[in-house]
Amino acid sequence: MKTKFIIRLSIVSVFLLLLMGCSNDENNKNISENAKVNNYLARFYKKNFHIGNSVEAAIVKSPALSLAKTTQAKSEEYEGIKLTEVFVGEDERARGYIVTDKVTDEFLYFVDVDRENYKLTAVDILENEIKIKDNINMLEEWASSNKLDLIKLLDEYNQEFNSGTSIQRKFWGWTGPRNVGGCDEGWQTTVNTHYILGIIDQIVYNEVRC
């Protein structure tokens, strides 16, 4: 009986050690990701900054990340992200925004909204892709979101997502070509749309044979 008790105790101890090891690995990874974010922000802004509010969202786990809940996307696998404000210097409103994986804290995207010079700098951290957009005051979302308050925008997308009323919208990158109208004398108009954190960044129309 004593031998069985010792064996059971040993098994429990090993199990607890494994759990502690996994927990430590996860904590170390999160600390590493947080350090990566802080180092990036320090290099970009070169001045003091602090983190503000966050909002979470569900996006389709696929190359075409979507903030929309559509008939086509209902069978898709979703993953969680977290969008967080960054306040720079003595600014009273957020200028920067970081996007991280909700579970792993992996640093995914960074966006700087320069409201004085009407310039947006967006960075896909994993792909090392930088996109700069000028005249952001001309964007449709500029007025509706209080000069591109991305927290407000993502809150609105979450409401649309939960109600199932939003249109298909990519989180980042290009949508595939979509037909506009019908075939006219052998030609079809198609449209590709580029998004940055759900904001329409660029629309390209093409004429293809049909």
Side-chain angles (χ1 to χ4, degrees), residues 55-83 97-103 106-115 117-210:
V55 62
E56 296 177 353
I59 60 177
V60 176
K61 191 175 183 180
S62 70
L65 299 179
S66 172
L67 285 169
K69 188 185 227 179
T70 65
T71 303
Q72 292 81 4
K74 285 181 180 176
S75 61
E76 294 278 0
E77 180 182 358
Y78 292 89
E79 64 180 350
I81 59 159
K82 182 168 67 173
L83 175 71
Y97 299 86
I98 57 174
V99 178
T100 55
D101 185 285
K102 179 182 174 181
V103 177
E106 184 176 18
F107 188 17
L108 303 176
Y109 304 103
F110 165 73
V111 174
D112 174 72
V113 183
D114 184 347
R115 297 180 178 89
N117 298 304
Y118 306 125
K119 177 181 176 181
L120 183 145
T121 302
V123 183
D124 182 331
I125 300 298
L126 301 183
E127 298 295 330
N128 195 28
E129 176 189 356
I130 301 175
K131 191 169 182 63
I132 297 175
K133 187 170 184 63
D134 295 312
N135 302 318
I136 57 177
N137 56 312
M138 303 300 293
L139 292 174
E140 179 182 343
E141 293 89 351
W142 176 262
S144 64
S145 64
N146 188 22
K147 300 180 179 180
L148 291 191
D149 180 343
L150 299 188
I151 293 286
K152 176 180 172 60
L153 280 172
L154 198 55
D155 270 333
E156 292 175 355
Y157 295 148
N158 275 334
Q159 293 173 14
E160 294 176 358
F161 181 94
N162 293 328
S163 65
T165 60
S166 65
I167 61 172
Q168 180 109 20
R169 184 186 298 268
K170 198 163 184 179
F171 186 73
W172 187 289
W174 289 96
T175 61
R178 178 173 57 85
N179 291 342
V180 178
C183 183
D184 183 13
E185 297 183 353
W187 291 94
Q188 171 70 60
T189 301
T190 65
V191 59
N192 294 68
T193 307
H194 189 274
Y195 290 90
I196 296 176
L197 270 64
I199 300 170
I200 295 178
D201 165 52
Q202 188 177 355
I203 300 176
V204 176
Y205 292 93
N206 292 294
E207 296 292 327
V208 297
R209 281 293 185 180
C210 55

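Each residue takes its place number in the sequence, starting with 1. Side-chain atoms are counted along with the backbone in the values below, which use heavy atoms only and exclude waters and symmetry mates. Just so it is clear, the model here is predicted, and its values are computed rather than measured.
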**Request:** Assess whether side chain to side chain contact (heavy atoms under 4.5 Å, CB included) is satisfied between Ile81 and Asp101, documenting all intermediate values.
**Result:** CA-CA 5 Å; Ile81 59 159; Asp101 185 285; 6.0 Å; no
**Item:** Set of side-chain contact (heavy atoms from CB on, under 4.5 Å) partners for Gln188, sequence neighbours left out
**Value:** Asn179, Cys183, Thr190, Val208, Cys210
**Item:** Full working for side chain to side chain contact (heavy atoms under 4.5 Å, CB included) between Ile199 and Leu153
**Value:** CA-CA 9 Å; Ile199 300 170; Leu153 280 172; 3.7 Å; yes
**Message:** Taking salt bridge (charged side-chain N to carboxylate O under 4.0 Å, His left out) as the cut-off, I'd like each qualifying pair that reaches into residues 171-189, sequence neighbours left out, listed once.
**Reply:** none
**Prompt:** Can you tell me how far the OG1 atom of Thr121 sits from the CD1 atom of Ile196, to the nearest 0.5 Å?
**Reply:** 9.5 Å
**Prompt:** Where is the tightest heavy-atom contact between Phe110 and Ile98, given as atom of each residue plus distance?
**Reply:** CD1-CG2, 4.1 Å
**Asked** Going through the distances and angles, do Trp172 and Tyr195 end up as a ring pair (Phe, Tyr, Trp, His ring centres under 6.0 Å)?
**Response** CA-CA 5 Å; Trp172 187 289; Tyr195 290 90; over 10 Å; no
**Asked** Are Lys82 and Glu56 within salt-bridge range, i.e. N to O under 4.0 Å?
**Response** no
**Message:** Using every non-hydrogen atom in the two residues, find where Val180 and Tyr205 come nearest and quote the distance to one decimal.
**Reply:** CG2-CE2, 4.4 Å
**Message:** I need the Asn206 CG to Asn192 CG distance, nearest 0.5 Å.
**Reply:** 6.5 Å
**Item:** Residue pairs, two or more places apart or on separate chains, that pass disulfide bond (SG atoms under 2.5 Å apart) and touch residues 124-155
**Value:** none
**Fill in**
Rounding to 0.5 Å, atoms OG1 (Thr100) and CZ (Phe107) come to a distance of 8.5 Å
**Prompt:** Taking only residues two or more places apart in sequence, or in another chain, which ones meet Lys119 in a salt bridge (Lys or Arg N to Asp or Glu O under 4.0 Å)?
**Reply:** none
Which donor-acceptor pairs under 3.5 Å do the side chains of residues 125-140 make with protein atoms, sequence neighbours left out?
residue, atom, partner, partner atom, Å
Lys131, NZ, Asp201, OD2, 3.3
Lys133, NZ, Asp201, O, 2.9
Lys133, NZ, Asp201, OD1, 3.4

**Request:** Please examine the side chains of Val123 and Tyr109, heavy atoms only from C-beta on, and report whether any two atoms are closer than 4.5 Å.
**Result:** no
**Prompt:** For the side chain to side chain contact (heavy atoms under 4.5 Å, CB included) test, which of Leu150, Leu154, Leu120 pairs with Leu197?
**Reply:** Leu150
**Prompt:** With sequence neighbours excluded, what pairs up with Asp112 under the side chain to side chain donor-acceptor pair (under 3.5 Å) test?
**Reply:** Tyr45, Arg95
**Short side-chain donor-acceptor distance under 3.5 Å, Asp114 and Asn117** = yes
**Prompt:** So, Asp149 side chain and Lys152 main chain: donor-acceptor pair closer than 3.5 Å or not?
**Reply:** yes
**Prompt:** Of all heavy-atom pairs between Glu207 and Thr189, which one has the smallest distance, and what is that distance?
**Reply:** OE2-OG1, 2.6 Å
